[in-house]
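Take a look at the structure set out below.
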2 protein chains.
Amino acid sequence: MKALKIPEAAIVRLSVYSRYLNQLEKNGVTTVSSIEIAEGVNNSPAQVRKDLAYFGEFGTRGVGYNVKDLNRHIIKILGLDMEWKVVIVGAGNLGSALTQYKGFHERGFNILAVFDNDVNKVGLMIGGIPILPSTRLAEFIKRESVQVGIVAVPAKYAQEVVDVMVEAGIKAILNFAPRVLSVPSHVEYRSVDLAVNLEVLTFNLVANK
Amino acid sequence: MKALKIPEAAIVRLSVYSRYLNQLEKNGVTTVSSIEIAEGVNNSPAQVRKDLAYFGEFGTRGVGYNVKDLNRHIIKILGLDMEWKVVIVGAGNLGSALTQYKGFHERGFNILAVFDNDVNKVGLMIGGIPILPSTRLAEFIKRESVQVGIVAVPAKYAQEVVDVMVEAGIKAILNFAPRVLSVPSHVEYRSVDLAVNLEVLTFNLVANK
DNA sequence: GACTGTGAAGCCATTCACAGCT
DNA sequence: AGCTGTGAATGGCTTCACAGTC
């Protein structure tokens, strides 16, 4: 359990810093200041320093941060220095896209299987990952000790998928169905609503006009 | 220009309320209280009332809100009572999934075309929507007065796509590439980072353990 | 009696400004 | 001299509590 209360927004930013540090590493940059990081990710140097300070002292006064070390620290903080077993439920367009999404693999997420209840899809592969029947979801989660489940089914089936996952002992759920779901508090839960993001844009367009 | 400063989080919630009200409407419910809405979307009644109060008085004291009226008001507030012309750039897995995503059509977003620079894809259709060559993006945005652009290309091409969109006079951009992009302040901009969401989950898993 | 609308209070996140190292 | 780390100040969002209305 963490000592201090850390804003969730800070975690989101750490994740972005890490991606930026990856770029710097690739370009051979060895040292970076909070000012440069801030410019690279569009926020303030004070914010960068504060976010990092929640977790320790990673820099050198008068100098800055070592790119490689800092990135390793952040990766550890985010829990990405271990393997995470993931299943995706729903082999429709979105589920297929998520299954093949490179950003997940790059960050070490291991997608073991995709589940669907369409018998025509079961048995096929999506980018090397097998499609299994939804009836075997619970059993699979238990047997493989899957920690993370991604929901990519139509809204009306989302709650029942979540219930199966929870019952099977999953630890975290990422939901893409546009519906509010109930998930017990011992399971980590986040929801990504694609249409909401567009609607924030249109709101701003009409409001600032 | 809006008089009061409205928290962006409130807009996100309005969008969720609207989706919940759609459900109620479908079920024939005519009146709803802030308590019921709060239960339906997992937040507090006070929050619901405050969010609505930013925009007017939509309820009746002692009674509640008329479901249909309230939803119409929210839809108007979010700018969804008009047609929005949208283009998607990138006909890969994610771009294809977004193109066919029902949640966009349901909320009135009109996706006119998908752009890609793969000559094998150009000329094909995705769910009835044509794939056009990226070289024609700027011209298309101008000719059709496209207001919203969705970026679903690999990270390294994202900035150049955005630059073309901005130059062509687009009003808002939704980015799915995992990279920080620079967009002039007169263009509305939001970024959805799929991996970040998973990383917040894994952080919480390791932090609360 | 029930439920909305809202000023005020409380809380949390961000920004400031400077002390502390190198 | 330069840049980090951090307590203090600020600003903004959420919650409280109650007056207002049906």
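Here is the naming used below: chain letters follow the sequence lines, and residue numbers restart at 1 for every chain. This one's a predicted model, so the numbers in the text were calculated from it and none came from an experiment.
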> Taking NZ, NE, NH1 and NH2 as the nitrogens, is one of them in B/D81 or B/R72 under 4.0 Å from a carboxylate oxygen of the other?
Replying inline: no
>> With a strict under 4.0 Å distance from non-hydrogen atoms of chain B, what nucleotide opens and what nucleotide closes the contacted stretch of DNA chain C, reading 5' to 3'?
In response: C/dA2 to C/dA8
> CG of A/N66 to OG1 of A/T60: how many Å apart, nearest 0.5 Å?
Replying inline: 8.0 Å
> Looking at OG1 of B/T99 and CG of A/N93, how far apart are the two atoms once the value is rounded to the nearest 0.5 Å?
Replying inline: 9.0 Å
> Regarding A/E188 and B/N208, is there a side-chain donor-to-acceptor distance under 3.5 Å anywhere?
Replying inline: yes
>> Checking side-chain polar atoms at under 3.5 Å, does A/R107 have a donor or acceptor matched by the opposite partner on B/T202?
In response: no
> Is any side-chain nitrogen or oxygen of B/Q47 closer than 4.0 Å to OP1 or OP2 of D/dT15?
Replying inline: yes
> Taking DNA chain D as the partner, which of residues 26-46 of chain A come within under 4.0 angstrom of it by heavy atom?
Replying inline: A/S33, A/S34
>> With the threshold set at under 4.0 Å for non-hydrogen atoms, list the residues of residues 61-78 of chain B touching DNA chain C in residue-number order.
In response: B/R61, B/G62, B/V63, B/G64, B/Y65
> Listed by chain and number, what are the ring-ring contact (aromatic ring centres under 6.0 Å, His included) partners of A/F104, not counting sequence neighbours?
Replying inline: A/Y101
>> Categorize A/A10 for me: base, sugar-phosphate, or nothing, with a 4.0 angstrom heavy-atom threshold over every strand shown.
In response: nothing
> Does atom CD of A/E139 have more than 12 heavy-atom neighbours, drawn from other residues, nucleotides or ligands, at distances under 6.0 Å?
Replying inline: yes
Please list, one pair per line, the donor and acceptor atoms closer than 3.5 Å that link side chains of residues 144-161 of chain A to other protein atoms, with sequence neighbours excluded.
unit_1	atom_1	unit_2	atom_2	d
A/Q147	OE1	A/K85	N	2.8
A/Q159	OE1	A/S182	N	2.9
A/Q159	NE2	A/D163	OD1	2.9
A/Q159	NE2	A/S182	O	3.1

> Taking only residues at least two apart or on different chains, which pairs with a member in residues 56-78 of chain B satisfy ring-ring contact (aromatic ring centres under 6.0 Å, His included)?
Replying inline: B/F58-B/H73
> Of B/L52 and A/R13, whose closest DNA chain C nucleotide lies nearer the 5' terminus?
Replying inline: B/L52
